[in-house]
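What follows is a set of notes on a single structure, which appears directly below.
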Amino acid sequence: MSIATRVGAYLDAHNIDYDTIKHPPANSSMAASKAAKIAPNQIAKAVVLEDHEGRHLMAVLPADRKLILHKLEHDLELDMHLVNEKQVYQMFSDCAPGAVPALGQAYNMNAIYDDSLQGLSDVYLEGGDHKTLIHLTGVQFGRLMSHSKHARFSERVFH
């Protein structure tokens with residue numbers, strides 16, 4: 001596997017320039033950062049959430065940060081909870097378990113991204129397996145997220 005079928009099709013359909021970076025197998029965004037020798041603040045990870053009506057939202061934040069759910073709920077004026085792993089695996093069936101690309105739009109899901117991703121020169125996303133990252137310029141990432149909301153809803157995790 002390289003990048004997920006839906007992600008590749010979405011990027012191509014929206015004329016987004018990207019390349020892929022292969023790395024040794026890694027089971028998390030932080031591990032992918034180390035394996036690919038890329039700063040963790042440049043790797044965008046996905047957290048899939050659901051509101052009380054069953055609507056899904058992808059929160060996109062850097063690998064070295066953790067989601068502060070109450071901040072996001074406050075900004076969106078919604079009660080949210082994490083989607084369970086089994087449901088995530090079903091929603092992202094073209095991806096390896098635990099390798100969800102931070103591109104909810106490719107899966108007909110709204111996204112919100114953390115302000116800390118703005119202004120980066122390069123952004124990397126999980127490709128859908130545990131060995132490939134998608135590399136985007138900051139401009140291309142901005143184009144992808146241009147119709148998504150953004151807010152500050154994370155805090156740095158020290159490793």
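Note that the structure is a prediction, hence the values are computed from the model and not measured. Computation of the quantities below employed the complete heavy-atom set of this structure, encompassing side-chain atoms and omitting hydrogens, waters and symmetry-equivalent molecules.
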Exercise: identify the closest heavy-atom pair between [X] and [Y]:
| X | Y | result |
| --- | --- | --- |
| L67 | V47 | CD2-CG1, 3.9 Å |
| R143 | N15 | NH1-O, 3.1 Å |
| L133 | A36 | CD1-CB, 3.8 Å |
| S33 | I43 | CA-CD1, 3.4 Å |
| A102 | M145 | O-CE, 3.7 Å |
| Y89 | G98 | CE2-N, 3.7 Å |

Pair Q87-H56, side-chain donor/acceptor within less than 3.5 Å: yes
Contact between [X] and [Y] at the side-chain level, heavy atoms closer than 4.5 Å - yes or no?
| X | Y | answer |
| --- | --- | --- |
| M58 | L49 | no |
| E73 | F153 | no |
| R6 | N108 | yes |
| Y10 | L144 | yes |
| M109 | V48 | yes |
| D51 | D79 | no |
| I3 | P101 | no |
| S29 | P40 | no |

D114: what forms a side chain to side chain donor-acceptor pair (under 3.5 Å) with it, not counting sequence neighbours? S116, S154
What residues, two or more places apart in sequence or in another chain, satisfy side chain to side chain donor-acceptor pair (under 3.5 Å) together with D122? H135
Straight-line distance of [X] [atom1] to [Y] [atom2], nearest 0.5 Å:
| X | Y | atom1 | atom2 | value |
| --- | --- | --- | --- | --- |
| K149 | L72 | NZ | CG | 10.0 Å |
| R152 | D75 | CZ | CG | 11.0 Å |
| H23 | K34 | NE2 | NZ | 13.5 Å |
| L120 | T137 | CG | OG1 | 11.0 Å |
| Q105 | H14 | CD | NE2 | 8.5 Å |
| L11 | L103 | CG | CG | 5.5 Å |

Could you check whether K45 pairs with E126 (Lys NZ or Arg NE/NH1/NH2 to Asp/Glu carboxylate O, under 4.0 Å)?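 Looking at E126 together with K45, the answer is no, because their closest N to O distance does not fall below 4.0 Å.
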Go through it in stages, so that I can follow the logic: the residues are V88 and L82, the test is side chain to side chain contact (heavy atoms under 4.5 Å, CB included), and I'd like the CA-CA distance, side-chain angles, deciding distance and then a yes or no. CA-CA 10 Å; V88 171; L82 293 172; over 6 Å; no
Spell out, as yes or no, whether a donor-acceptor pair under 3.5 Å connects the side chain of H74 to the backbone of H70. no
In terms of ring plane angle, is the pair F92 and Y107 parallel, tilted or perpendicular, where the classes change at 30° and 60°? tilted
Salt bridge (charged side-chain N to carboxylate O under 4.0 Å, His left out) for R55 and E50? Distances and angles first, verdict last. CA-CA 5 Å; R55 293 178 295 208; E50 184 177 64; over 6 Å; no
If hydrophobic clusters are built from ILVMFWY residues whose side chains come within less than 4.5 Å, do [X] and [Y] share one?
| X | Y | answer |
| --- | --- | --- |
| I16 | V7 | yes |
| L125 | V100 | yes |
| L69 | L61 | yes |
| Y113 | Y18 | yes |

Please determine whether side chain to side chain contact (heavy atoms under 4.5 Å, CB included) holds for the pair V83 and Q90, giving the CA-CA distance in whole Å, both sets of side-chain angles, and the decisive distance to 0.1 Å. CA-CA 11 Å; V83 173; Q90 292 170 345; over 6 Å; no
Flag if over 12 foreign heavy atoms under 6.0 Å of CG, N27: no
Over 12 foreign heavy atoms within 6.0 Å of CD, E53: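 Atom CD in E53 is packed in, count exceeds 12.
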Please name the residue in the list I21, L136, I134 that meets the side chain to side chain contact (heavy atoms under 4.5 Å, CB included) test with Y124.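 Running side chain to side chain contact (heavy atoms under 4.5 Å, CB included) over I21, L136, I134 with Y124 returns exactly one hit, I21.
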After noting the C-alpha distance and the side-chain angles of H150 and D115, does the key distance pass the side chain to side chain contact (heavy atoms under 4.5 Å, CB included) rule? CA-CA 6 Å; H150 61 92; D115 286 342; 2.6 Å; yes
